[in-house]
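Just so you know, ligand 1 is whichever comes first in the structure, and atom 1 is the first atom listed for that ligand.
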Amino acid sequence: MVAFTHLAIALSTVAGSLAAPAADPYVDAPDFELNGDRLMRRQDYNQDYKTSGNVNFSPTNNGYSVSFSGAGDFVVGKGWRTGTTRNITFDGSTTASAGTVLVSVYGWTTNPLIEYYVQEYTSNGAGSAQGQKLGTVTCDGSVYDIWKHQQVNQPSIQGTATFWQYISNRQSKRPGSGTVTTKCHFDAWNALGLNLGSHNYQTLSTEGWGNAGGNSKYTISGS
Ligand SMILES: *[C@@H]1O[C@H](CO)[C@@H](O)[C@H](O)[C@H]1NC(C)=O
């Protein structure tokens, strides 16, 4: 439960992209694709946050790979610049050899400022789940424990701030493949008084801390 330094891909990244979109390594050009009969936004956001140690992150058009060793804290992944209630499908693998490693649907909202996790895999059971356990919800074939936790004066997409984390922690871990029906979690959180605000980015991400070692590789799609 290190990790109070997660995230913080920060507004500076976005601001930089406005000034020089072609040169920004973290934000790809917006793009759309047909999914059935619907025009969907292709994955257009690369998340790349790290503190210390070796974290070799390689985003692709529709996913990412990362290998890491002796990592202090990092969150890397692929997703969308704007979160929605899309269903997010992932396919790949994660191997954790040291430290704490988790794979989550991960994102932020503003007004209120919220950092959220749907933890599909955690190497140690809890992952970032801490604070207060409020209940459970069954989504996509598993029970998830729901937690809320307050971060006080911690890094956020709005700089150092005090904010809540909402966390669904899957009891039956799946580091390989699956679909996350985000609406199932958002509705369950809402019913417990955990309200989201305006969506900022939304990704599938691998996070590690505590001299984390291992690797992850995923393709991702959203419907
Ligand atoms: C997401 O999945 C749910 C449950 O399977 C389904 O009812 C819904 O139509 C899906 N949403 C989209 C946008 O595909």
Self-check item: Carboxylate-amine/guanidinium proximity below 4.0 Å for Arg42 and Asp44
Solution: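 Result for this pair is no, no salt bridge flagged.
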Qualifying disulfide bond (SG atoms under 2.5 Å apart) pairs, either residue in [range], two or more places apart:
range: residues 192-223; value: none
range: residues 194-223; value: none
range: residues 161-194; value: Cys139-Cys184

Exercise. Evaluate side-chain hydrogen bond (donor to acceptor under 3.5 Å, both in side chains) for Trp189 paired with Ser168, printing each intermediate quantity in order.
Key: CA-CA 9 Å; Trp189 296 346; Ser168 283; 2.9 Å; yes
Quiz item: Under a 4.0 Å heavy-atom cut-off, which residues neighbour ligand 1?
Solution: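 Residues Arg38, Asn87, Ser223 each place a heavy atom under 4.0 Å from ligand 1, listed by chain and number.
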Quiz prompt | Donor-acceptor under 3.5 Å (Thr85 side chain, Lys183 main chain) | solution =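 Pair absent, no side-chain N/O of Thr85 close to backbone of Lys183.
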